[in-house]
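Below is one structure, written out as structure tokens, with a few remarks after it.
All chains are named by letter (A, B, ...) in the order of the sequence lines, taking the proteins before the strands, and each is independently numbered beginning at 1.
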Amino acid sequence: MKNIDFYQRIAIVGAKIPPGKVTTYGQLALLCGQPNNSRQVGYALNRGKMGREFPAYKVVNGRGYLSGAASFAAPDLQRELLVADGIEVKDNKVSLKRYGWHHTLEEAERFYNLFLQMGI
DNA sequence: CCTTTGACCAACA
DNA sequence: TTGTTGGCCAAAG
């Protein structure tokens, strides 16, 4: 699997984050078939490799913390976008328990099969 | 070719 | 419960 494909996978999974939910770098990496490659997800976003469509604001770290002022065009942009989606942000952090995307095994398998079928 | 860097993470003290 | 540590791995230098 080429890395270009990994970015494609991230785009596909990112588009399926349920409304009003957030995901983590690690979860995206896992759903994209590379559980130990969460740093690469951060790299892709940092370098703007995911395009304008990608809901980067819905990606937080494993403890629910937002990505940092430097990561978005405006320092407070990520928080504003999350709040606009009805997601509570307190102390620069969201509750993963309440707003995390708790995907099922079936969902994970659907992605796996889709990627297989697409050959990416 | 190395070596360093990073929008990460789980385990540990 | 907070800070640290070692592992991770592709891209950049």
(Q) Once you apply a heavy-atom cut-off of 4.0 Å, does A:Gly62 come out as touching a base, just sugar-phosphate, or nothing? (A) sugar-phosphate
Q. So does A:Asn3 get a side-chain nitrogen or oxygen closer than 4.0 Å to the phosphate oxygens (OP1/OP2) of C:dA11?
A. yes
(Q) To the closest 0.5 Å, what do you measure between CG (A:Leu45) and CZ (A:Phe72)? (A) 8.0 Å
Q: Grab the CZ-C1' distance between A:Arg63 and C:dT2 for me, whole Å please.
A: 9 Å
Q. Looking just at side-chain N and O atoms, do A:Gln40 and A:Tyr7 make a donor-acceptor pair shorter than 3.5 Å?
A. yes
Q. So does A:Glu88 pair up with A:Arg98, basic N to acidic O under 4.0 Å?
A. yes
Q. Taking CD from A:Gln40 and P from B:dT5, how many angstroms apart are they, rounded to a whole number?
A. 17 Å
Q: Just call it for A:Phe72: base, sugar-phosphate, or nothing, with non-hydrogen atoms closer than 4.0 Å on any strand.
A: base
Q: Could you say whether A:Ile4 or A:Ser38 is positioned toward the 5' end of DNA chain C, judged by the nucleotide with the nearest heavy atom to each?
A: A:Ser38
Q | Residue whose closest nucleotide on DNA chain C lies nearer the 5' end, A:Asn36 versus A:Arg47 | A | A:Asn36
Q | Spacing of A:Ile12 atom CD1 and A:Leu31 atom CG [to the nearest 0.5 Å] | A | 12.0 Å
**Q.** Interatomic distance, A:Leu82 CG vs B:dA7 P [rounded to whole Å]
**A.** 18 Å
Q. For B:dG6, does either OP1 or OP2 sit under 4.0 Å from a side-chain N or O belonging to A:Tyr25?
A. no
**Q.** A:Gln27 CD to A:Leu30 CG distance, which is reported to the nearest 0.5 Å
**A.** 7.5 Å
Q: May I ask you to evaluate whether A:Tyr7 reaches the phosphate of C:dA11, defined as a side-chain N or O under 4.0 Å from OP1 or OP2?
A: yes
**Q.** For atom CD1 of A:Ile10 and atom P of B:dA7, their distance in whole Å
**A.** 14 Å
Q) Rounded to the Å, how far apart are A:Arg39 CZ and C:dA10 P? A) 13 Å
Q. Once you round it to whole Å, what is the distance between C1' of C:dA11 and NZ of A:Lys49?
A. 8 Å
Q. Given atom CG of A:Asn37 and atom P of C:dA10, what is their separation to the nearest angstrom?
A. 6 Å
Q) Expressed in angstrom and rounded to an integer, what is the separation of A:Tyr43 atom OH from B:dT5 atom P? A) 15 Å
